[in-house]
J.: 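I have a structure I would like to understand better, so I am pasting it below and will then ask my questions one at a time.
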Amino acid sequence: MVTVDRRSAFKLGLAGAAGVAMSQIKIGTSHAQAAASTEENPGFYRFKLGDFEVISIQDGIRVADGPHPTFGSDQEAAEVAALLEANMLPSDKFANGFTPVLIKAGDDLVLFDTGFGAAGQANGLGKLKSRMQAAGYKPEDVSIVVITHMHGDHIGGLMENGAPAFANARYVMGQTEYDFWTAPDRLSGPTEGNAKAVAANIKPLAEKATFIGDNGSVVSGITGIAAPGHTPGHMVFNVESAGKRLVLTADTANHYVVSLQKPDWQVRFDMDKEAAAATRRKVFGMIAADKVPFIGYHMPFPSVGFVTERDGGFFYTPASYQFDI
Ligand SMILES: [Zn+2]
């Protein structure tokens, strides 16, 4: 019988744990460097959902000051910092990702949102088209472009040098959103900049667009749900194939810790802050109750995850192997 001295076993355990921690730190550093170098980061993530193929594509990452006061704009900075620190995140800088989604649904190739387009490329954004091609699809293969709402980081990639960037596509967009941004009085005041972007990128495509409302269909298995607040006509999409389900939440929640754990905290980019909070509770309450995965446009790449309801908010769990087994 072999007896093990408890103290040496404990020491051995400590040494082992320290060894693992050291190697993780090294891996973490080289991974961060790889992510900064676009050649080594494929920037797309593919999985099967029933008979559909889903690919989330990273248009780019933007590092900014914050999250406060953009997130938790009605809270004290220290309160937001404490929440971030409790979740192992810095409180002075954050990385915001932009994630259009491509779905192969039968004969259709459906693209949800278009990133920044060519105008973003000087800032390391606008990578959707090149990464889509790396994933095996050409821009002209896209048969339908769906616009969740009409902010610049979603509609910037629609037009290129005055022509449609997805030459063979038709479009699906929310009637409420279109009516809001194209009303003549939006071209002055705080809505001016975005209304001009809509005039340049959406208006030329309007005659090839189908305008939908709550429960509007995109293709068989993909349905829009009105989710107002972030913008007046913001929509999320329910995706179902062969008994599997996924929700595309677009900009319902835009920081995976702050917006989900504290859904009522105000966000600067939400045009109607109370409606946005109510929509967060409704949409993520449904996703938590139904235990279905979601893709959020600004969730950390590959932006696919789950939420559980806890402490009056929602906790994010990134997807791992759920789609592989
Ligand atoms: Zn956005």
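For ligands, and for the atoms within them, numbers begin at 1 and follow the listed sequence.
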J.: Start with the C-alpha distance between Phe211 and Tyr171, add both sets of side-chain angles, then the distance that settles ring-ring contact (aromatic ring centres under 6.0 Å, His included), and finish with yes or no.
T.: CA-CA 8 Å; Phe211 295 99; Tyr171 303 87; over 10 Å; no
J.: Could you identify the N, O or S atom of Asp251 positioned closest to the Zn ion (ligand 1)?
T.: OD2
J.: Would you say His149 reaches the Zn ion (ligand 1) with an N/O/S atom under 2.8 Å?
T.: no
J.: Would you say His298 has an N, O or S atom lying under 2.8 Å from the Zn ion (ligand 1)?
T.: yes
J.: If only side-chain N and O atoms count, and only distance matters, is there a donor-acceptor pair under 3.5 Å linking His151 with Asn194?
T.: no
J.: Nearest N/O/S atom of Asp153 with respect to the Zn ion (ligand 1), by atom name, please.
T.: OD2
J.: Is any NZ, NE, NH1 or NH2 atom of the basic residue among Glu192 and Lys196 found under 4.0 Å from an Asp or Glu carboxylate oxygen of the other?
T.: yes
J.: Does His154 form a ring-ring contact (aromatic ring centres under 6.0 Å, His included) with His149? I'd like the steps, not just the answer.
T.: CA-CA 7 Å; His154 299 254; His149 67 294; 4.0 Å; yes
